[in-house]
S.K.: 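Got a structure here, written out as structure tokens. Questions coming.
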Amino acid sequence: MIDLIQKNLEKSAIILKNAKHATAFTGAGISVESGIPPFRGDGGIWGKYDPKILELGYFLENPEESWIVIKEIFYEFFNVAKPNYAHLGLADLEKRGIIKAVITQNIDNLHQEAGSKNVIEFHGNSKILICTNCSHKEKVENVNLEKLPPKCPKCKSLMKPDFIFFGEGIPQIAYQKSIFETKNADVFLLTGTSGSVVPASYLPYDAKKNGAIIIEINPEKSAYTNEITDYFLKGKAAEITKLLIEKINLL
Ligand code: NAD
Ligand code: ZN
């Protein structure tokens, strides 16, 4: 088993080093070592909270109740998280011209905080609030969350976090950019994603169809592992990314 991981690490390092257009695709798993749990599974957020607060209809009808929970999860609990070596490693690979884009399903802003420049947020970003009436956007740090729900400074209507709730569509620009980066990828590096959230989960299949080599980092097998993954690097995101970069540095 250890030999197989070593072999896959060496191969993956060579493939990334020679890539013309590597694209990274990340999910909740990349932020687990930063202290942010995934939604599903052991220790997942939905084990403690009811996901209905992120259903658009429920939120609009019960804004105060929803916001009390949203504040606790996203603006108290998540807020202290810092990028880990997996985020930093992807930013480093972008600086070196190896990775051209990071498509993330995460909403925690940690790729940007790690220094990645071309970050495509498939599901939006929790650090920004958007008005449900006039679409005015405001950084959450400029909004008073002592009195809930927060109101738009322009039109006084209800504000919501600028990530998509259940029942909302994918932001168009992010969707189009993701398709572009998927079509152009000769290598697709998956980190910490189960492949169970549609439509984001289709992107790796599209990349594979377009001829990309699929490298996957995950401590558990995902929907992709036995289907499309060429090199499975079994382990935690920060640990494996560190080993991978060490290998690239030796080439
Ligand atoms: P997911 O598809 O993001 O699954 C999480 C995956 O992470 C699983 O495959 C799991 O095996 C893997 N994982 C667990 N620990 C890991 C580690 N240390 N290193 C690498 N991989 C690890 O599904 P989800 O958690 O159900 O999330 C649903 C949606 O909500 C996704 O779009 C997700 O990105 C988003 N979400 C975002 C955040 C965030 O912004 N940090 C947190 C929770 C959920
Ligand atoms: Zn407004």
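What you see below is based on every heavy atom in this structure, not just the backbone, and it leaves out hydrogens, waters and symmetry mates. Counting convention: from 1, in listed order, for ligands and their atoms alike.
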S.K.: For S135, which residues count as a side-chain hydrogen bond (donor to acceptor under 3.5 Å, both in side chains) partner, sequence neighbours excluded?
M.R.: none
S.K.: I'd like to know if E246 and K242 make a salt bridge, using a cut-off of under 4.0 Å between side-chain N and carboxylate O.
M.R.: yes
S.K.: Of all the atoms in ligand 1, which lie at a distance below 4.0 Å from a heavy atom belonging to G192?
M.R.: 3 (O), 5 (C), 6 (C), 7 (O), 20 (C), 21 (N)
S.K.: Provide the number and element of each atom of ligand 1 under 4.0 Å from a heavy atom of A237.
M.R.: 17 (C), 19 (N), 20 (C)
S.K.: Verify whether one side chain among E72 and Y49 offers a donor that lies under 3.5 Å from an acceptor in the other.
M.R.: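 Distance-only check passes for E72 and Y49.
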S.K.: Can you sort out which atoms of ligand 1 are near H123, meaning under 4.0 Å from one of its heavy atoms?
M.R.: 32 (O)
S.K.: Nearest 0.5 Å please: distance from the CG atom of L9 over to the CD1 atom of I14.
M.R.: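 Answer rounded to 0.5 Å: 11.0 Å.
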S.K.: For atom 40 (O) of ligand 1, grab the closest protein heavy atom and report residue, atom and distance to one decimal in Å.
M.R.: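 Protein heavy atom at minimum distance: I107 N, 2.9 Å.
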S.K.: List every atom of ligand 1 that sits less than 4.0 Å from any heavy atom of P37, numbering the atoms from 1 in the order shown and giving each element.
M.R.: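 Counting atoms of ligand 1 from 1, those under 4.0 Å from P37 are 42 (C), 43 (C).
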S.K.: Report the part of V32 in contact with ligand 1, treating N, CA, C, O as backbone and CB onward as side chain, heavy atoms under 4.0 Å; options are side chain, backbone, both, neither.
M.R.: side chain
S.K.: Compute the shortest N/O to N/O distance between R40 and ligand 1 and return yes if it is under 3.5 Å, no if not.
M.R.: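 Among all N and O atoms of R40, at least one is under 3.5 Å from an N or O of ligand 1.
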S.K.: Give a yes/no verdict on whether any heavy atom in A81 is under 4.0 Å from an atom of ligand 1.
M.R.: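 In this structure, A81 fails to qualify as a contact of ligand 1 - no heavy atom is under 4.0 Å.
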S.K.: Does a side-chain N-to-carboxylate-O contact under 4.0 Å join D162 and K137?
M.R.: yes
S.K.: May I ask you to list the atoms of ligand 1 that are less than 4.0 angstrom from any heavy atom of S31?
M.R.: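 In order of number, 41 (N).
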S.K.: Please report the number of protein N, O or S atoms that lie less than 2.8 Å from the Zn ion (ligand 2).
M.R.: 4
S.K.: Measure the distance from atom 18 (N) of ligand 1 to every protein heavy atom, then report the residue, atom name and distance (to 0.1 Å) of the closest one.
M.R.: E33 OE1, 3.2 Å
S.K.: Mind running side-chain hydrogen bond (donor to acceptor under 3.5 Å, both in side chains) on E227 and Y205 for me, showing each step along the way?
M.R.: CA-CA 9 Å; E227 286 233 10; Y205 296 103; 4.6 Å; no
S.K.: Check if S222 has a non-hydrogen atom at a distance under 4.0 Å from any atom of ligand 1.
M.R.: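 No heavy atom of S222 comes that close to ligand 1.
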S.K.: Using a heavy-atom cut-off of under 4.0 Å, does the side chain or the backbone of T193 touch ligand 1, or both, or neither?
M.R.: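 The answer is both, backbone and side chain.
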S.K.: Do K208 and D230 meet the salt-bridge criterion of a basic N to acidic O distance under 4.0 Å?
M.R.: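 Yes, this pair counts.
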S.K.: Among all protein heavy atoms, pick out the one at the shortest distance from atom 2 (O) of ligand 1; state its residue, atom name and that distance to 0.1 Å.
M.R.: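 Here the nearest protein heavy atom works out to S194 OG, 2.6 Å.
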S.K.: Any idea which heavy atoms bring P38 and V32 closest together, and the distance?
M.R.: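 The answer is CD-CG2, 3.7 Å.
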S.K.: At under 4.0 Å between heavy atoms, is it the side chain or the backbone of I36 that contacts ligand 1, or both, or neither?
M.R.: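 It is the side chain that touches ligand 1; the backbone stays farther off.
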S.K.: Measuring from atom OH of Y175 to atom CZ of F180, what distance do you get when rounded to the nearest 0.5 angstrom?
M.R.: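 Reported value, rounded in 0.5 Å steps: 15.5 Å.
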S.K.: Which protein heavy atom lies closest to atom 17 (C) of ligand 1, and at what distance to 0.1 Å?
M.R.: G29 O, 3.3 Å
S.K.: Return the NE2 to CD1 distance between H21 and I99, rounded to the nearest 0.5 Å.
M.R.: 10.5 Å
S.K.: Write out the residue and atom name of the closest protein heavy atom to atom 38 (C) of ligand 1, then the distance separating them to 0.1 Å.
M.R.: N106 OD1, 3.9 Å
S.K.: Could you check whether K160 makes a cation-pi contact with F59, meaning its NZ or CZ is under 6.0 Å from the centre of the six-membered ring and within 45° of the ring axis?
M.R.: no
S.K.: Does a side chain donor of either T26 or Q105 reach within less than 3.5 Å of an acceptor in the other side chain?
M.R.: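 No - no donor-acceptor pair under 3.5 Å links their side chains.
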S.K.: Picking from T104, N84, L88, I36, what satisfies side chain to side chain contact (heavy atoms under 4.5 Å, CB included) with L110?
M.R.: I36
S.K.: Does D50 have any side chain to side chain contact (heavy atoms under 4.5 Å, CB included) partners at least two apart in sequence or in another chain, and if so, which?
M.R.: K52
S.K.: Listed by chain and number, what are the side-chain hydrogen bond (donor to acceptor under 3.5 Å, both in side chains) partners of N249, not counting sequence neighbours?
M.R.: R96
S.K.: Determine, considering heavy atoms only, which of A238, A200, P219 sits nearest to atom 21 (N) of ligand 1.
M.R.: P219
S.K.: So with a 6.0 Å cut-off around NZ of K100, is the heavy-atom count from everything else above 12?
M.R.: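 Atom NZ in K100 is packed in, count exceeds 12.
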S.K.: Would you mind finding which of I30, V197, N218, L54 brings a heavy atom closest to atom 12 (C) of ligand 1?
M.R.: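 Among I30, V197, N218, L54, the closest heavy atom to atom 12 (C) of ligand 1 comes from N218.
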S.K.: For atom 39 (C) of ligand 1, what's the nearest protein heavy-atom neighbour? Residue, atom name and distance, please.
M.R.: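 Going by distance alone, atom 39 (C) of ligand 1 is nearest to D108 OD2, 3.5 Å.
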S.K.: In ligand 1, which numbered atoms sit nearer than 4.0 Å to a non-hydrogen atom of E220?
M.R.: 11 (O)
S.K.: Below 3.5 angstrom, do we get any N/O pair linking A28 and ligand 1?
M.R.: yes
